[in-house]
Engineer: 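So that we are looking at the same thing, I have put the structure below in C-alpha cells.
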Number of protein chains: 2
Amino acid sequence: VARRELIVVSNRGPAGYERDASGERRTNRGAGGLVTALRGLLAHHDVTWIASAMSEEDRAVAAEGTIEEQGRDGSPYRLRLVAHDAEAYDLYYNVVSNPMLWFVQHQLWGLASEPSLDDRFHRAWHEGYVAVNRAFAAAALDELERRPEAAVFFHDYHLYLAPRFVRDARPEALLAHFVHIPWPQADAWRVLPEPLRRAVHEGLLANDVVGFHTARWRANFERACCDLLGLRPGNGSLEHEGRQVLLASHPISVDPGEFEELARSEAVLSAERELAARRPERLVLRVDRTDPSKNVVRGFRAFEKYLEAHPEAHGRVGMLALLDPSRQDVPQYVEYLAVIERVVDEVNTRFGRDGWAPIELDVADDFPRSVAAYKQFDVLLTNAVYDGLNLVAKEAMLVNERDGVLVLSENTGAHEELHEWVLTVNPFDLAGQAEAIHAALELPAAERRRRWEAIGAHVREHDLAAWLRAQLADFDRAAAG
Amino acid sequence: VARRELIVVSNRGPAGYERDASGERRTNRGAGGLVTALRGLLAHHDVTWIASAMSEEDRAVAAEGTIEEQGRDGSPYRLRLVAHDAEAYDLYYNVVSNPMLWFVQHQLWGLASEPSLDDRFHRAWHEGYVAVNRAFAAAALDELERRPEAAVFFHDYHLYLAPRFVRDARPEALLAHFVHIPWPQADAWRVLPEPLRRAVHEGLLANDVVGFHTARWRANFERACCDLLGLRPGNGSLEHEGRQVLLASHPISVDPGEFEELARSEAVLSAERELAARRPERLVLRVDRTDPSKNVVRGFRAFEKYLEAHPEAHGRVGMLALLDPSRQDVPQYVEYLAVIERVVDEVNTRFGRDGWAPIELDVADDFPRSVAAYKQFDVLLTNAVYDGLNLVAKEAMLVNERDGVLVLSENTGAHEELHEWVLTVNPFDLAGQAEAIHAALELPAAERRRRWEAIGAHVREHDLAAWLRAQLADFDRAAAG
C-alpha cells in the first residue's frame with residue numbers, strides 16, 4: 001500500500017484525555033464506530049486527525065496544537081483537537097446536528113407539528129453549526145499549510161459546511177467526504193429553509209469525492225442537487241462551479257478477524273455462559289442504540305402480535321433487547337426511552353407468566369454482552385425506520401453460531417447488499433414484522449444454514465479493509481480526473 | 001366545443017338525496033370543490049357521473065340504476081350512485097383514504113411513531129379500499145358496455161385501483177385520472193408495504209392520461225414509478241405493459257365570472273358590512289379547512305412571533321382565521337382542532353387587551369363570510385405543509401379590493417404558478433413566516449398593487465374553463481397516440 005498524507009476530520013476523534021486524581025493526564029483510545037472504521041488508515045498512512053475537544057483536559061491538549069499520538073495498535077499519527085466555544089458547540093451538536101439533521105436524514109419529523117424553526121434555531125445554525133464548521137475548516141487549512149499534498153477526508157453530518165470553507169481558500173486541494181447516515185430525497189431537505197438546504201448541498205459539492213454507503217443514498221443526493229440547486233443529472237458525478245464531483249457508494253463493513261477474536265475473548269465467553277444458562281428455547285435478538293430511527297417500539301409491538309397469533313410460542317420464544325442508551329441530552333431521546341420501557345412492561349404484563357417474561361430489556365453499554373448475544377440468537381430483528389447501513393446486522397451474522405436468520409428493514413443500507421439472504425420487512429408494517437418473526441423461526445434448517453453462510457461469506461469478502469481501499473481508490477480517480 | 005361522451009368517476013357526486021318530513025325526495029346539488037371544478041363538463045358534454053351513495057335516500061337512488069339528473073344550471077346528465085357495503089365504505093374512507101393516503105401524500109406522518117400498519121389496516125386495504133374500487137370499476141364497466149366510445153375520467157386518491165380493474169376488462173378503453181392532491185417522492189410511498197405502493201402506482205398507470213396540478217407532482221410520480229416499479233424515465237410519458245401513459249400537469253383554477261358575481265351577492269355584501277364595521281386597521285386572513293396539512297397552528301405561532309417583534313402593531317393588526325371544520329370522524333383531525341383552539345387562547349391571553357384580541361377564530365362552514373373576508377384582507381397567509389394546489393389563494397386574490405399581499409408556502413401547487421408575485425415562506429420556519437407577515441404589511445403601495453394585479457390577470461387568463469379544455473386536449477393526444 002502506497003503511504004499517503006491524509007488529514008482526517010471528524011467531530012469525535014480517536015483519543016480523548018482526562019486528568020486523574022494524581023494530576024496525571026490519561027488517554028482514552030476510543031472504540032466508537034467511526035474511529036474503529038478508520039483505524040486502518042493509521043496503520044498504513046501518514047495521518048493527521050482533527051477532532052473536537054470534548055473534555056477539560058482535551059482543551060488543554062488543544063492548546064498544545066498538533067500533538068503526536070498513537071492508535072491502539074501503536075501506529076503513530078498526529079492529533080489536533082479543536083476547542084470550540086462551549087455554547088457554539090452545544091448549538092452545533094444538540095440543536096442542529098441532533099436532532100435536526102439526524103431527524104431530516106432519517107425522516108423522523110412529524111411535519112404536522114414538528115419541527116418549528118424559531119429564532120433560536122436560526123441562531124443555532126449561524127452561531128453554532130456555521131461557526132463550528134468554520135473552526136474545523138480553519139484547522140484543516142492550517143494543517144494543509146504544512147502538508148499541501150495531503151488529502152482532506154471529512155466525515156458525516158456534523159461537517160457539511162467545512163469543505164466549502166476549505167475549498168474557498170484552497171481551490172486545488174483534494175477534498176473528500178463520507179456521509180455515514182442516509183441521504184433522503186429532496187422533499188425531506190425542504191424542512192430546512194432554502195438558504196440552509198442549499199448550504200448543505202453546496203458544502204458537500206465543494207469536495208472532489210462524496211461517498212455514501214449505498215447506491216440509493218447516492219442517487220438521492222444526486223437528484224437532490226438537481227432539484228434544489230438546479231444541477232444537471234450526471235452519471236456517477238456532478239459538475240458544480242466548473243469542477244467534477246465524484247459520487248461514490250461503498251457500504252462500510254467490519255473486520256472479520258477482529259470479531260472472530262472478540263467472540264473467543266474471555267469477556268464474551270463469560271457473558272455467553274451467563275446468557276446460555278437462562279436463554280429461552282428460541283431467541284429473537286435486537287441490539288441497537290435507543291434511537292427513534294432504530295424503531296425499537298414497533299419491534300416490540302410486532303413481537304406482541306407474533307405472541308398473539310402463536311400461543312404455542314409462549315414460554316418457548318423470547319426477545320432479548322440490548323439497548324445502548326443514546327443522546328440523553330436531546331428531549332426526543334429521553335421520551336423515546338421512556339416509551340420503550342413502558343411498552344416492554346405492557347407486553348410482559350400481558351403475556352408473561354411464572355418463569356417466563358416475553359421480553360428481556362437491558363439498557364446498557366455492554367459490548368461483550370452484545371457479542372455474546374450475537375453468537376446465541378436464532379433470529380436477529382433489525383427493523384430500522386431508516387439506517388445508513390446497520391453494522392449490527394453484519395457483526396452479528398458473522399459470529400452467530402446457530403445459523404441465525406436476519407430479519408432486515410428495507411430502509412437499511414445493508415439491505416442493498418444482503419437482501420437476497422434476509423427476510424425483508426417494511427418498518428411500519430407490524431403485521432408484516434410479526435409474520436417475518438414467525439417465518440424466520442420456521443425456516444427449514446438447510447435454508448437457514450444456506451442464508452447464514454452466504455451472508456458470512458459476503459461480509460468476509462467485502463470487509464472493512466476493502467471499504468477503506470475503495471475510498472482511497474476514489475481519491476486517486478478524483479486526483480487523476 | 002365538440003360534444004364528447006364522458007364517464008366521470010369520483011367518490012363524491014354532484015347530487016345527493018334525502019327524504020323530507022312529508023316523504024318527498026329532495027335533491028341537494030352540492031357545491032364541493034371537485035363538483036364545482038367539473039361542472040363545466042355537464043354544460044358541454046354527454047356526461048354519466050358515477051359516485052358513492054352517501055345517504056339512505058342515495059341508496060334508494062342507487063337501486064334505480066342510472067338516472068337522469070341536471071346540474072345547477074339545468075344541464076342534463078346521467079347519475080349512477082353506487083351503494084357500497086357500509087363497513088367496506090368506512091374502511092375505505094376513514095382508514096385508508098383518510099388518514100393513510102392523505103397523510104402519505106401530504107407527508108404528515110411522524111415516522112418515529114406513526115403509522116403502524118396492523119391487521120386492521122391490512123383488512124381495511126383489502127376489504128375496504130380494494131373492494132370499493134372494484135365496485136366503482138364494475139359500475140364504470142357497466143356504463144362502458146352501453147357507451148363503448150366514452151372516455152372514463154377518474155378523480156383523486158379514493159380511486160387509485162379502479163382504473164386497473166377497468167383496464168383488465170377493457171384493454172381498448174380511453175381512461176384518464178386527475179390527482180387533486182400532491183404526489184410525494186418515492187420514500188413517502190415507502191410507508192406502505194411493497195405490494196400496496198405497487199398497486200397504487202400500477203393502478204394509475206392503467207390510465208392513458210394521469211394528470212397533476214404541477215410539474216413538481218408530475219415529476220415525483222414519474223420518478224416514483226421508476227424507483228418503485230423499475231420503469232424507465234420517459235419524457236412526459238411512461239411506457240408500462242406495452243402502453244404509453246401520458247403524464248400531464250395542469251393547475252386547477254376558478255371561474256372568475258362566478259366569483260365576481262358572488263362578491264356582489266347580497267349574502268356576501270351583508271357579511272362584508274358586518275366584517276368592515278369591526279375589522280382591525282390591518283387584516284391578516286387565513287381561510288382553510290381544519291386539516292393538519294394546512295398548517296394552521298404554525299401560522300398562529302408565526303403571528304405570535306410577529307407580535308413579539310412588533311409592539312407597534314398591537315391593537316392595529318389582527319388575524320382572522322375562518323376555518324371549516326374537517327373530517328371530525330378521524331381522530332387526528334379532532335386533536336388538531338383542539339390544538340388550534342388552545343393556541344388561539346394562548347396568543348390572545350398573552351397579547352390581547354381591552355377591545356383587541358390578536359386572533360379571531362371562527363370555526364364554521366360559511367362561504368359568503370369567507371368571500372367577504374377575501375375582499376377585505378391586507379395579507380393572506382397560506383402556509384400549508386403541503387397542498388395540491390390551494391384554491392383559496394386564487395379565489396381570494398381575485399376578489400380582494402385592497403391590493404392584498406399573498407404570503408404563500410413553497411409547498412403549495414399554486415406556488416409554481418404565482419411565485420414571482422408572492423412572498424414565499426417555508427412552512428416549518430416560524431421566524432421566516434413572522435418576517436413575511438411584517439414584510440407584506442410594509443410593502444410599498446405601488447408594489448402591492450403591481451403584484452395583486454399580476455396575480456388577478458394570471459388567474460383570469462388561466463381560468464377553470466382553460467383547465468378543463470387542457471384535460472380534454474390530453475384525451476385527444478392520448479387517443480391519437
Side-chain angles (χ1 to χ4, degrees), chain A residues 103 106-123 182 184-188 190-197 216 219-220 223-224 227 233 291-293 295 297-298 301-302 305 308-309 332 335-336 339 385-386 410-411 424-434, chain B residues 103 106-123 182 184-188 190-197 216 219-220 223-224 227 233 291-293 295 297-298 301-302 305 308-309 332 335-336 339 385-386 410-411 424-434:
Chain A
F103 270 43
H106 292 83
Q107 301 185 49
L108 296 171
W109 289 120
L111 299 183
S113 60
E114 56 176 18
S116 287
L117 310 188
D118 54 11
D119 293 334
R120 175 168 177 265
F121 176 80
H122 286 278
R123 198 168 73 81
Q185 300 184 316
D187 275 354
R190 288 197 167 94
V191 167
L192 298 179
E194 201 276 342
L196 278 55
R197 64 200 186 220
R216 181 176 169 190
N220 285 350
R223 281 184 187 169
D227 287 0
D291 190 300
S293 70
N295 213 18
V297 171
R298 283 199 192 84
R301 290 298 187 199
K305 290 196 178 298
E308 262 175 31
Q332 285 94 335
E335 286 165 34
Y336 194 67
V339 176
V385 171
Y386 279 95
E410 59 179 336
N411 287 340
T424 297
V425 287
N426 175 291
F428 315 106
D429 185 6
L430 297 191
Q433 289 167 51
Chain B
F103 270 43
H106 291 83
Q107 302 185 48
L108 296 170
W109 289 121
L111 299 183
S113 60
E114 52 174 22
S116 287
L117 310 189
D118 54 10
D119 293 334
R120 176 166 175 265
F121 177 80
H122 285 277
R123 201 168 71 81
Q185 299 183 316
D187 276 354
R190 287 197 168 93
V191 167
L192 297 179
E194 202 275 341
L196 277 55
R197 63 200 188 221
R216 179 177 170 191
N220 285 351
R223 281 184 187 168
D227 287 359
D291 190 299
S293 69
N295 212 17
V297 171
R298 283 200 191 84
R301 290 297 187 201
K305 292 196 176 296
E308 263 175 30
Q332 285 93 334
E335 286 164 34
Y336 194 67
V339 176
V385 171
Y386 278 95
E410 59 179 336
N411 287 340
T424 298
V425 286
N426 175 291
F428 314 108
D429 185 6
L430 297 191
Q433 289 167 50

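Residue numbers begin at 1 in each chain, while the letters A, B, ... track the order of the sequences. Side chains are part of it too, since the values below use all heavy atoms of this structure and drop only hydrogens, waters and symmetry mates.
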Engineer: With a 4.5 angstrom heavy-atom cut-off, which part of V297(B) approaches chain A: side chain, backbone, both or neither?
Structural biologist: neither
Engineer: For R216(B), which atoms come within 4.5 Å of any heavy atom of chain A: side chain, backbone, both, or neither?
Structural biologist: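 For R216(B), side-chain heavy atoms alone lie under 4.5 Å from chain A.
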Engineer: Any heavy-atom pair between the side chains of Q185(A) and R223(B) that's under 4.5 Å?
Structural biologist: no
Engineer: For the residue pair R190(A) and E410(B), what are the closest heavy atoms and their distance?
Structural biologist: O-OE2, 4.3 Å
Engineer: What are the two closest heavy atoms between N220(A) and D187(B), and how far apart are they?
Structural biologist: ND2-OD2, 4.0 Å
Engineer: Of the backbone (N, CA, C, O) and the side chain (C-beta and beyond), which part of S113(B) lies under 4.5 Å from a heavy atom of chain A, both, or neither?
Structural biologist: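 Just the backbone, heavy atoms under 4.5 Å.
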Engineer: Is Y386(B) close to chain A through its backbone or its side chain, or both, or neither, when contacts mean heavy atoms under 4.5 Å?
Structural biologist: side chain
Engineer: Show me the side-chain donor-acceptor pairs of residues 115-122 of chain A shorter than 3.5 Å, one per line, residues at least two apart or across chains.
Structural biologist:
from: S116(A); atom 1: OG; to: R298(B); atom 2: NE; distance (Å): 3.3
from: D118(A); atom 1: OD1; to: R120(A); atom 2: N; distance (Å): 3.3
from: D118(A); atom 1: OD1; to: F121(A); atom 2: N; distance (Å): 3.0
from: H122(A); atom 1: NE2; to: D429(B); atom 2: OD1; distance (Å): 2.7

Engineer: With a 4.5 angstrom heavy-atom cut-off, could you sort out which part of A186(B) is near chain A: side chain, backbone, both or neither?
Structural biologist: both
Engineer: Hey, which of P292(A), A434(A), P193(A) has the most heavy atom pairs under 4.5 Å with chain B?
Structural biologist: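 So the answer, after comparing P292(A), A434(A), P193(A), is P193(A).
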Engineer: Find the distance between CG (N426(A)) and CG (L192(B)) and round it off to the nearest 0.5 Å.
Structural biologist: 8.0 Å
Engineer: Not counting sequence neighbours, which residues clear ring-ring contact (aromatic ring centres under 6.0 Å, His included) with F428(A)? List them please.
Structural biologist: none
